[in-house]
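Remember, it's 1-based here, ligands and their atoms both numbered in the order they're listed.
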Amino acid sequence: MSEAPKGLKKGLTNYGDQGFSLFLRKAFIKGAGYTDDALDRPVIGIANTGSSYNPCHGNMPQLVEAVKRGILLAGGLPMDFPTISVHESFSAPTSMYLRNLMSMDTEEMVRAQPMDAVVLIGGCDKTVPAQLMGAASAGIPAIQLITGSMLTGSHRSERVGACTDCRRYWGKFRAEEIDDEEIADVNNQLVASVGTCSVMGTASTMACVAEALGMTVPGGASPPAVTADRIRIAEQTGAQAVRLARQGPGIDKVLTPAAFENALRVLLAIGGSTNGIVHLTAIAGRMGIDIDLAGLDRMGTQTPVLVDLKPSGQHYMEDFHKAGGMATLLRELKPLLRLEAMTVTGRTLGEEIERSGPGFAQDVVRTLGNPIYPQGGLAVLRGNLAPGGAIIKQSAADPRLMEHEGRAVVFENSEDLARRIDGDELDVTADDILVLKNIGPKGAPGMPEAGYIPIPRKLARTGVKDIVRVSDGRMSGTAFGTIVLHVTPEAAVGGPLAHVRNGDRIRLSVKNREIALLVSDAELARRAAANPVAEPTAERGYAKLFLQAVTQADKGVDFDFLRAPRSVGKAPE
Ligand code: FES
């Protein structure tokens, strides 16, 4: 049997004559000055997501240069190519709406262009999951390079960073504790350099998760964007990509149920973003692996939060890096990890932990015996309000509110919220439960990070800092509060959330993992019959595709046709 084509001979454009197709391809690429010697080497694609609209990827030129150096030193041929880049603040209506489009772009360009392995460079929240989803589906050897976190800034001698401090200062401004001049000063300091958000938000979460999955070189998660360490990681990543092209392992040997179990374990131990669950579910789905929410919740009861980073703790990503980064965390978590999981280095996670050495004294990663929070950061809730599950980040919640029953104050959608939340006439007390509908996958659409419902201004003025909030949306990983998210099924497809009314009683019990609407089934059925929900549709374009194909939060908000056709396992196993 003849060997599968490699390098430039892969995936020839079809002109009906393979020899001619290769002849033509070489002629064109030689137009860029390449020699036959260069073109005979393993071809390593580099997914370049640099964009003026994406300052989280602002170090892309330096990273691409270093990756190319690593590839050339290891004997490969680097070929960078652009894909969609998605930044949180420059993606209307919401970046999540575009994650699947970016994953399709990545998958199809990796498949369409000849490459023996691919380096995926991403960092901002949706880019790493989109790239991992795309590469998982494309099926060639792949390695993730993270752009790295931004540096922290200083506001009047106080250390600040995006975006937990963005929210904190905006809250102070809303509560009229600081004036226009000070909020403008803060605005200059929150993002002190290019790179991703400096707290344990979604970007940092996905960086740690990517390393836990075995998809980065060891130490790839934590170096800040503008450091020499980050550039060295980029060079190593390029060199490793050439080894991947020559001898594997393929992505199917890395993204296994054991790897996803490790990623979930790390997600819990870092007090990671709730978005991490949605993204991991989507990436796993591309490999035919189901994330078992009940199993995740069981893991949560055995996994303490160890990493002391905002918003659950006090430090920033650059401190985590100085404390040894993921090596320090993985060493501590070792008894709870699947050490046999393979990584892109060709060594197992257990072997990489051994190679990382004994560690040193530091105060960012706690020990299992002295955690930040005794249980995992995330808990999975169920009940008649969320038959398909809901999520709460308990490590960022107010302990006084985690067992709470209150009166529902309902907002029908984001516009309704914006119109009424700050009005003095809003009938609300600190004991109520704010409910926001129609910000789920189809509702908004794209499941925006609007689940962090602001404290009504009349309560904020009296010093109220937290209130129970419930929605079918997501929340930024940098936010905090007693906030129930991802209520499934969402209101826009007729989930029970659609039929909650002002004055209904809702019970939240994190201890019992319950989110209950204290309204009878018969009454809910009567409301559903009286006000049937019409699912949103669109007439054309990506919006039409999105609304037809997007799945609910428990399926990763991926498109149904992008999931692997067959299930091959689940995580945790
Ligand atoms: Fe890009 Fe926060 S906006 S990581």
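Note that Arg167 lies outside the cation-pi zone of Phe480, set by a 6.0 Å cut-off to the ring centre and a 45° limit from the axis.
By the 4.0 Å N-to-carboxylate-O rule, Asp319 lies too far from Lys322 to be salt-bridged with it. In this structure, Asp560 does not pair ionically with Lys555, as no charged nitrogen and carboxylate oxygen lie closer than 4.0 Å.
Glu88 places a side-chain heavy atom less than 4.5 Å from the side chain of Lys126.
Residues satisfying the ring pair (Phe, Tyr, Trp, His ring centres under 6.0 Å) test with Tyr97, not counting sequence neighbours, are Tyr542, Phe546.
Arg563 and Thr551 form no side-chain donor-acceptor contact under 3.5 Å, judged by distance and modelled atom types alone.
At a cut-off of 2.8 Å, measuring from atom 2 (Fe) of ligand 1, the protein N, O or S atoms that fall short of it are Cys197 SG, waters left aside.
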